Amino acid sequence: MNKPTDFARIPVDHDDIDTNPSSNEHFSTVLNARLSRRSLLRGGAASAATAFLGAMGLSACGGSDSDTVTAPAPPTGTTPPAEKLLGFTAVSKSLADAVVVPAGYTASVLYALGDPLTAATPAYKNDGTDTDMENRAGDHHDGMEFFPLSSTGVPSTSENSRGLLAMNHEATTDEKLSSFFLHANGGTMSLPRPAAEVDKEMALHGLSVVEVRKNAGKWEYLKESAFNRRVHQQTEVELSGPVRGNVLVTTKYSPTGTKIRGTLNNCGTGKTPWNTYLSGEENWSGYFTRAATDDAARADKSVAALKRYGRDQGAASRHGWETGGADDKYARWNISKTGVSTNGSDDYRNEMNGMGYIVEMDAYDKTRAIKKRTALGRYAHESAAFGKVEAGKPLAVYMGDDSRNEYIFKYVSNTLWSAADASAADRIATGDKYLDNGKLYVAKFAADGSGQWIELSITNAAIAAYANYKFADQADVLVNARLAGDAVGATRMDRPEWCSVNPANGEIYFALTNNSNRRVEPGSASQSAPDAANPRVYTDMKGTTAQNGNPNGHILRVKEGAAGSAATSFTWDVYLFGAEAAAAADKVNLSGLTADQDFSSPDGLAFSTATGICWFQTDDGAYTDVTNCMMLAGVPGQVGDGKKVTLSYPRADGSTLNVDTFVGKAATADTLKRFLVGPVGSEITGIAETPDGKALFVNIQHPGENTSSANVADPAKYTSQWPANAGYGAGKRPRSATIVITKNDGGRIGT
Ligand code: FEO
Ligand code: CA
Ligand code: CA
Ligand code: CA
């Protein structure tokens, strides 16, 4: 969710917050060390890529001098029809209240907010009177993964017509505390919130698993499937890894600090090499309230930690769930210190330390506990992408922290990968093995196109001796990973969203969605100067509203050093800069995007393992006067295939700030095309595919979110009526939903 900055109705943008006051990575420090980047980038790249391609059974689709793109062979099956990657005709920008896909493709609605997940649950009426939300699809469908099932219902890695979709239900569409489309009259906009409304809203946040299958050529979901599962704010979840049992997660609910209820504001996803689901908890801090006098009540270092994670004393909660009644399930949302214990076992002062993790779920087995993998650090998580998986080497997991000026992270397992674990019967135990013991690193980007992974360890002198926060132990470093990143001078980024690994060469792509707080001359601690990896500062007009900083975002990519997953150095460049096609080519549209390619605010991003296509999606508020959010298909080259560009910015004193950056090879009409545009007010997010690449599942999140709650009774005033206007379901209230895209000739998606 990313509300437009000129959209005054909602006072707080829950998805665009900044709490990083550190002065890390100011331009003066980046400006030093100008080496010849070419020499860093060229050596060894080709041979490493070739070796990896051989291992993957893929043909090269990027990095050659030719712009002609050939599809890699399908993994199995008979001779396919002739196909060309990105052979479709690009979709134009659109303001229609519809999902638009290229000619020759079909997009069908599969599974929407409120759809029943048991045989006994009635159909969704979609008028605000529905109940039993714990047995229905959650709201705000977000990241998603497909888990194939064999015809006999056992886990598979190759089945193409039956499987489970596991997905995140990030949030609800709000105005003034209430998720207004969920309640008959728009709900209660002031405190206290009625228990019935709070219960509904809590139930619709979390995860779902739903069985889907292709029946007579058409995809459908099975409401009666025994695999279907809902995870919501009452579901018990285990804390696993170094933070488990630590005093920082001691609560009245879990005096031993081993569990919490729920997983919250789940955004991006990942899939492990052992076939489990990973979910990132993103903007969870906004759901908690703190008393105006809580700093004095605590009088300890937790005050600094809470501030760094966006909860100053006096902070109001997003929905007022803490006012739902006396029950503990409401009280937990108030994290003020009210008890007298020294460890927090008599109140919820530590409750927020149980949110902010990568969460692992076995989508195939709903009897298994869900675990928060604390070794991967606590921050505003998006996706979790595994690097190249090699037997006998550690596993690397790449992640971003999505707030303005936050960091990029990498986790490296202590346990070396054993290929036999790919088919381990106990998948959660396999997660224990690889995700509970490892090292967490943060990224520091240099102006010469290189970078470093810096370990966040209590034994690191910069962390142990950090003046602004005294870390007690490694668990404290993980719970407060943002503070640890501050201590080691990590690079402040333009809101890291999803990341994904290019199967063709192992390079890691990070969507940096935008940053309204980049400034040539920062005027406050919350603003950052441009640097090599976040180099643009400009103004884009949306009507008469000026949007400053880096309004359109970019996609950065990283190539690990020789040590691969365990490398502590890397090289990088910018795959694409988001821009309007008509924007200045020397300052803004640095990637030379055409009208068939231009985009703003990249967010969801995932490579197809079937075709190698880099799919990316937008969650935009900057270009939405011209087009709704979209999904594009790219066939990228590799780090270092472009050129160095120097951006010059005038300073107030008449001097000039020069910022070098590195732009990937410009896309052509054959290597980048818009594939989909969504309905009004929606974000496009979540990408999952069948193993053969012939069905692509995509989520349409919060259509019509800019509808005023005052109009909840008048469908004619909804800004969107999707998916009802596409013929799906009862009522006209807009609903988040999963669509499935197929190619009419039966071919692979994106060809
Ligand atoms: Fe839920 Fe950062 O997007
Ligand atoms: Ca987003
Ligand atoms: Ca504009
Ligand atoms: Ca996102």
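All values reported here derive from a predicted model rather than from experimental measurement. Atoms within a ligand are numbered from 1 in the order they appear, just like the ligands themselves.
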| query | How wide is the angle at atom 2 (Fe) of ligand 1 between OD2 of D402 and OE1 of E497, to the nearest 10°? | reply | 90°

| Heavy-atom pair of closest approach, residues Y287 and E170 | OH-O, 3.9 Å

| request: Looking at E170, pick out the N, O or S atom nearest to atom 1 (Fe) of ligand 1 and give its name. | output: OE2

| query | Testing R318, E201, H140 for side chain to side chain contact (heavy atoms under 4.5 Å, CB included) with S179, which one passes? | reply | E201

| query | Short question: side chain of R733, backbone of F181 - any donor-acceptor pair under 3.5 Å? | reply | yes

| Measuring to the Ca ion (ligand 3), does Y623 have an N/O/S atom at a distance below 3.0 Å? | no

| task | Looking only at non-hydrogen atoms, find the nearest pair between A380 and D401 and report the distance. | result | N-OD1, 3.1 Å

| field | Apex atom 2 (Fe) of ligand 1; atoms E382 OE2 and E282 OE2; angle rounded to 10 degrees | value | 80°

| field | Rounded to 10 degrees, the angle OE2 of E580 makes with OD1 of D540 at the Ca ion (ligand 3) | value | 70°

| remark: Between G578 and N552 the two heavy atoms that sit nearest each other are O-CB, 3.4 Å

